Amino acid sequence: MVLPHSMPLVPLPASVIAGDGRLPVSGSTRVIGDSPAAQQLIDAAERRTGIRFTLSPDTADTADTTSAIVLRVDPSVAPEGYTLRVTDSVEVVGGDEAGLFYGVQTLLQLLRDGDEGWALLRAEVADAPRFERRGVMLDVTRHFFDVDEVKKFIDSTSALKFNHLHLHLSDDQGWRIQIDAWPKLTELASSTASLGDPGGFYTKDDYREIVAYAAERHMLVIPEIDLPGHTHAIGVAYPELVEDPVMNDSLIAESVRLDQPLPVAGEPYLGWGVGHSSVRIHEERTYEFVRDVVRELAEMTPGPFIHIGGDESLGTPQADFDHFVERATAIVFEEGKIPLAWHEVGAANDIAEGTIGQYWGKTTPEGSHAAEAAHFVERGGALIMSTADVAYLDMKYTADFPLGLTWAAIIDVRTAYEWEPTAVLDVPESAILGIEAPLWSETTRTLSDVEQLVFPRAAAHAEVAWSARSAAGRDWESFRVRLAGLAPLWKAEGVDFHPSAEIPWSER
Ligand code: ACM
């Protein structure tokens, strides 16, 4: 008897009944369905096995379904949910196209190589997500990742049922998105990146290509322009918009420790220090800039959210900060989108009602972080949990791991797994939309570096976000065994995961 929770499924489904044995697959296996998920299944199965299933887009073609894989949508199944049955045939039923896509991801995890060749593990699965918000963030400022690299990141994270991709598009080190009204941003402030590496930016067509690619994989893109701090690069393009740098002790200490020059107004900044930059809060021109940027982002972003940053404005007087974020959150609503902001923005009394906060404090909140986060809820908004000492993907796994930082914590796979998003803040559970796991890119010079930090820990966060706490097997001992089974999938997709010694990795 195969224990349901030892089947190689991550994130853990709501219900799994393991069947007996395997259903062999071959080139004559038909995939019956007219959803995009049918082609996605065929392509992914071929990358994995070298076997190309046959597409049968005629959904009436169900007279003989022996060995066939039938994919269909039935709205009586929950949104994003699916049911899946592998017996002598296969049926995956999504509550919607997203649910069907997720059912296909689960099916791909059941596809295994064995002594008798490729086969699907027999099972019955019924599944739906715990949280509506299952996000990852990619920082494309400290290091830039081109369209193809972002697509690969979307492939690997959507396969874990993440449904939001937050792109951190501007920071002190570079501006990464074409804005027609302010062309010098990309002409003058995008060519650099941390460690002196080359920068880059997305044209509007590039960005739309990313948005469309993500949508095909049921991920919504959230663009972030970080304001009023983290804006040194804006001053390289438009010095009149940005104050002179205000140094802080930690920035100076980090610059000395890392032998990185301090920021100089109007010159590219490539170090890792934070907190020195601010747009000019009392200049009307600043708000013209914010409105133009928000409007152009809104025009090319079909999703409802625009993130306006708000973190670490350490040199900005509190009253100025409050004034700025109150206006900036209102501008996002005026331009037809819902603002998201890092939790510091909750310090301002009159943030626009309905603004969504992103908590990046620790599991035990420090200082005013919890109160700031709670203020979003008091203002009719809600929260996304990016608890830094468990969910930050850029922290090292171990003290000697070559990539990543350590300021929030050292986060091994188990620590990334064993956290509860509703247990951090004193707010109603219904105010927690879900989670987001951010990857900051100071140390990641290549997508391969990114992948080593993200995988396998993103799989832990996927399970935190997707799987009900009460599901049988929703625990570390089960997770580490199930996670082991993702190794062959990641190898087939060329995902450069970190083979952490905490996991008994499978060969096939
Ligand atoms: C952050 O890590 N500064 C949001």
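We use all heavy atoms of the structure for the numbers below, so side chains are in, but hydrogens, waters and symmetry mates are not. For ligands, and for the atoms within them, numbers begin at 1 and follow the listed sequence. If you're wondering where the values come from, they're calculated on a predicted model, not measured in any experiment.
Counting heavy atoms of neighbouring residues, nucleotides and ligands inside a 6.0 Å radius, atom CG of D259 does not exceed 12 of them.
The 4.0 Å heavy-atom shell around ligand 1 contains residues D311, E312, W342, W360, Y392, W440, ordered by chain and number.
Figure legend: cation-pi geometry between R457 and F401 absent, as NZ or CZ is not positioned both under 6.0 Å from the six-membered ring centre and within 45° of its axis. For the pair R482 and Y417, the NZ or CZ position fails the cation-pi test of under 6.0 Å to the six-membered ring centre and within 45 degrees of the ring normal.
Here the shortest heavy-atom pairing between L403 and D449 reads CD1-O, 3.6 Å. Across every non-hydrogen atom of I331 and Y287, the tightest pair is CD1-O, 4.2 Å.
The side-chain hydrogen bond (donor to acceptor under 3.5 Å, both in side chains) analysis of residues 235-244, with sequence neighbours excluded, yields no pairs.
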